[in-house]
S.K.: 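Take a look at this one; I'll ask things after.
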Amino acid sequence: MKLRDKVAVITGGASGIGLAAARLFAQEGAKLVIGDTSDEGQQVVNTLMREGHEAMFVYTDVSKEAEVRGLMEAAVSRFGRVDVLFANAGIGEASPADEVPLEKWQRVMDVNLTGVFLSDKYAIQQMMKQGGGVIINNASILGHVGQNGVTSNAAAKGGVVNMTRSLGVTYAKEGIRINAVCPGYVETPMLADASEPERRALEEAHPIGRLGRAEEVAKAVLFLASDDASFVVGSSLMVDGGYTAQ
């Protein structure tokens, strides 16, 4: 029970890595607040509550400041505090720069970078009031390596990685530990439309020879959220099957 009685906010918690983290956090004793733009978030909460866990759902578009502020306020109103934030919400993009419409670039930035910033900002404000907390940002291997044909997401995830470093050193003395998790390619709905040749290429790109599982990333997030990582600040934890070690 590494998160017994901790209040954890997870953005993008209705599917993929966020859903896996929500399930694992609940098993480890956390009270869950799930923010997502999908109504499936309420179904996730209903399931968790039937299993005896405390949880709530707040519709949240992380690119909108008022909605992120409302998510944190709802968490505090219901549970009194925010101990853990997993800023996980994100969207995919894989296009070369000469083909990316400005609108698509901006939407990726709004969700994948600004959304993380806003989530961190309002969690930090609450954590400073209560004397500490933990934040984990979902970055990516794309924040560390270049990949052919990926533009907007690479820029956003690189921003998340370096923002995490800066926030980590800024707020460590406030008792707030801020780190990032950097998954490789993982079996999530984002890869649902990949062709079989594309999937094989992605599998072969990882020295371990396969794609990751959402549960594997969730366990790394749990480590960063728990006291087991009490001396880990401003880091980016690779969970990538050896992708960036090549």
S.K.: Mind checking salt bridge (Lys or Arg N to Asp or Glu O under 4.0 Å) for Asp228 and listing every partner two or more places apart, or none if nothing turns up?
M.R.: Lys2
S.K.: State which residues pass salt bridge (Lys or Arg N to Asp or Glu O under 4.0 Å) with Asp110; sequence neighbours excluded, sorted by chain then number.
M.R.: none
S.K.: With sequence neighbours excluded, what pairs up with Asn137 under the side-chain hydrogen bond (donor to acceptor under 3.5 Å, both in side chains) test?
M.R.: Asp120, Thr164
S.K.: Side chains of Ser63 and Arg107: any donor to acceptor distance under 3.5 Å?
M.R.: yes
S.K.: A side-chain contact here means heavy atoms from C-beta on lying under 4.5 Å apart; do Leu24 and Gln27 qualify?
M.R.: yes
S.K.: In this structure, would Val134 and Val160 fall into the same cluster of hydrophobic residues linked by side-chain contacts under 4.5 Å?
M.R.: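 No, separate clusters.
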S.K.: Does one hydrophobic cluster hold both Val111 and Met163, with members joined at side-chain heavy-atom distances below 4.5 Å?
M.R.: yes
S.K.: Hydrophobic cluster membership, with links at side-chain heavy-atom distances under 4.5 Å among I/L/V/M/F/W/Y: are Leu85 and Ile17 in one?
M.R.: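 Leu85 does not cluster with Ile17.
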S.K.: Do Leu222 and Leu3 come within less than 4.5 Å of each other through their side chains, counting heavy atoms only?
M.R.: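 They are in side-chain contact.
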S.K.: Less than 4.5 Å apart, any side-chain heavy atom of Tyr171 and any of Met128?
M.R.: yes
S.K.: Could you name each residue pair satisfying ring-ring contact (aromatic ring centres under 6.0 Å, His included) that touches residues 217-246, not counting sequence neighbours?
M.R.: His206-Tyr243
S.K.: According to salt bridge (Lys or Arg N to Asp or Glu O under 4.0 Å), who are the partners of Lys129, at least two apart in sequence or on a separate chain?
M.R.: none
S.K.: For salt bridge (Lys or Arg N to Asp or Glu O under 4.0 Å), just list the numbers for Glu216 and Lys219, CA-CA rounded to whole Å, side-chain angles, deciding distance to a tenth of an Å, and then say yes or no.
M.R.: CA-CA 5 Å; Glu216 293 173 311; Lys219 289 177 181 178; over 6 Å; no
S.K.: Can you name the residues that form a side-chain hydrogen bond (donor to acceptor under 3.5 Å, both in side chains) with Ser95, not counting sequence neighbours?
M.R.: Lys104
S.K.: Is Thr11 close to Leu71 at the side-chain level, that is, under 4.5 Å between some pair of heavy atoms?
M.R.: yes
S.K.: Would you say Glu93 and Val100 make side-chain contact, with heavy atoms under 4.5 Å?
M.R.: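 Of all side-chain heavy-atom pairs linking Val100 with Glu93, at least one is under 4.5 Å.
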S.K.: Between Glu28 and Lys6, is a salt bridge (Lys or Arg N to Asp or Glu O under 4.0 Å) present by the stated rule, with each step listed?
M.R.: CA-CA 9 Å; Glu28 293 291 335; Lys6 300 289 186 181; over 6 Å; no
S.K.: Got Thr188 and Ser15 here, is their nearest side-chain heavy-atom distance under 4.5 Å?
M.R.: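 Thr188 does not reach Ser15 side chain to side chain.
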